[in-house]
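Keep in mind it's a predicted model, so treat the numbers as computed, not measured. Whatever order the structure lists them in is the order used to number ligands and atoms, beginning at 1.
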Amino acid sequence: MLPWKTVIEIRRDSKTPLFIQITKAIIREISYGRLKAGQALPGSRSLSELIGVNRKTSIIAYEELMAQGWIEILPSKGTFVAKDLPVVTYHALNGESKHAAYPEKTCFPVKPWVAATTVYQRHASMIALDDGSPDTRLAPLDIIWRNCRSLTRGPFKNKLLAYGDLQGDPRFREVLAEYLSNTRGLACQKEHVMITRGSIMALHLVLNQIVNPGDVVLVGETNYPAANSIILNCGGSLQTIPVDENGISTHHVEEVCKKIKVTAIYITPHHHFPTTVTLSAERRLHLLELSQKHQFAILEDDYDYDFHYASGPILPLASFDRQGSVIYMGSFSKLLAPGIRIGYLVAPQNLIQALNQARRHLDRQGDFVLERALSQLILDGDLQRHLKKSLKAYRIRRNLFCQTLKKRCLEFVNFNPPEGGMAIWTKFNSSLDLKNLSENLASKGVYLDVDREILRQHHATRLGFASLNETEIVTAVEILGDCLERASLETH
Ligand SMILES: Cc1ncc(COP(=O)(O)O)c(C=O)c1O
């Protein structure tokens, strides 16, 4: 509700009658767009109480406004701003006539975000070819909401909504530490775990804490664009390292370290973004050794750890780290759904304490109800059952996507079936002109929800298979084939 006492400022010392003061104030709010067509107004009794006038005065003011066509009073429904108001114009101070609207720009300069990445919003009715998202239809949402409901009925219901631990719900951290120890061999306790809103927040906090302007941060050549963007916005200097079928080349890392001081390296070992390759066990150990020798941080973004189809995953670098080099980051975005904004980082306590302070001034704390509901999901074995089920479904989808892509698009694309993850790194024939690809796909009901800059620069993209069911996969690849055929004809 609007703060009516401030909006309608009654001046008893003014010569203007009170009902006209009220009328003018309401007309002003409508003209400035702060009161919208059809918006409910307080009844005359409430209005008189809210602004401290006699009820008769507000009745007369409303009658005047109704006579002028600004408001309508609907019997047994209430008082509303009139629905069919003409587009209102007002005169700004400089005399220019403008439409009443919220200002489009600030009157002060805004620092641009360096290397911003674009977020695309797909149309709900389209099939989305994304760059590797889970199928939220498979997520055990009913169980999560049931867990939330039982918490809000239980003895903790008020405590969970009070100001709490900056680092995340202690009970969840305890359960998660044990889960990470069982599934990834991380020798961590709840003190080493910090809960964040997705791993992007973990990355943001860590990079801002350890990177100073001019510091060198190593990344794979072609990298997760969001990570590059945060590094650049911290003032870091990006140095790229080649990536081959065994992941980032640690030999090249070694060569760089001989020449310059390196502050950190950002890696996606399971699986490299965007090419989907796995960092080999040998290179993991080599990188750990280099980080200890040259004292740089390893930011291990293990977003895809759970989804490995051929064999089991390789243990994270963090599970071998005894010197405090590795900051391990993970997320429930792939495991459950990207809208469940829960991620985490695991690191030595001195870093966690500094990050708690940074978080204190950014977000205060996470969502304890959801965190506690996820604890229950893990303790009841529901998360593990979901993982088993989705892994099976995604393996089938990966195979089907690869088969269909091979059958329908082989003359236009080149790819290796990925060992894990949710996407296929697909390289397009260099002769194809792809500038109209997204528009052509969209006109046939397929939304290409991928990083356009990677597509433009590398003539390649990740094509996600996990979020589509089998019928959708066949339809999407068929349409992709049609559009690539069209691109090929346009090229020749
Ligand atoms: C490389 C990489 N890291 C992390 C994530 C997960 O981010 P978040 O947990 O913030 O949703 C993604 C999501 O697509 C990703 O591609």
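Residue nearest to atom 13 (C) of ligand 1, selected from His272, Arg341, Lys334, Met422: Lys334 (by heavy-atom distance).
Contact annotation: for Ser199 versus ligand 1, heavy atoms closer than 4.0 Å belong to both the backbone and the side chain.
The single protein non-hydrogen atom nearest to atom 3 (N) of ligand 1 is Asp301 OD2, 2.7 Å, given as residue, atom name and distance. For atom 12 (C) of ligand 1, the nearest protein heavy atom (residue, atom name, distance) is Tyr224 OH, 3.5 Å.
With respect to Arg171 and Asp169, no salt bridge is recorded, no charged nitrogen being found less than 4.0 Å from a carboxylate O.
Heavy-atom neighbours of Arg486 CZ from other residues, nucleotides or ligands within 6.0 Å: at or below the threshold of 12.
Not one N or O of Thr268 is nearer than 3.5 Å to an N or O of ligand 1, by distance alone. The shortest N or O to N or O distance between Ser331 and ligand 1 is under 3.5 Å. Residue Ile200 places at least one N or O, backbone or side chain, under 3.5 Å from an N or O of ligand 1. In terms of polar-atom proximity, defined here as any N/O pair under 3.5 Å, Arg197 makes no such contact with ligand 1.
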Report task. Determine, step by step, whether Arg408 and Asp482 satisfy the salt bridge (charged side-chain N to carboxylate O under 4.0 Å, His left out) criterion, reporting the C-alpha distance in whole Å, the side-chain angles of both residues, the deciding distance to 0.1 Å, and the verdict. Result -> CA-CA 9 Å; Arg408 180 68 184 87; Asp482 293 348; 2.6 Å; yes

Report task. Kindly determine whether Met329 and Glu300 satisfy side-chain contact (heavy atoms from CB on, under 4.5 Å), including the steps that lead there. Result -> CA-CA 6 Å; Met329 288 169 284; Glu300 183 174 19; 6.0 Å; no

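Atom numbering of ligand 1 starts at 1 in the shown order; those under 4.0 Å from a heavy atom of Gly198 are 9 (O), 10 (O). The contact set between ligand 1 and Ser333, taken as ligand atoms under 4.0 Å from a residue heavy atom, comprises 8 (P), 9 (O), 11 (O).
When each of Tyr303, Tyr394, Tyr305 is tested with Lys334 by the rule side chain to side chain contact (heavy atoms under 4.5 Å, CB included), just one qualifies, namely Tyr303.
In summary, the side chains of His308 and His271 do present a donor paired with an acceptor at a separation below 3.5 Å, with no hydrogens or angles considered. If you check the side chains of Asp301 and Tyr224, you find no donor sitting under 3.5 Å from an acceptor.
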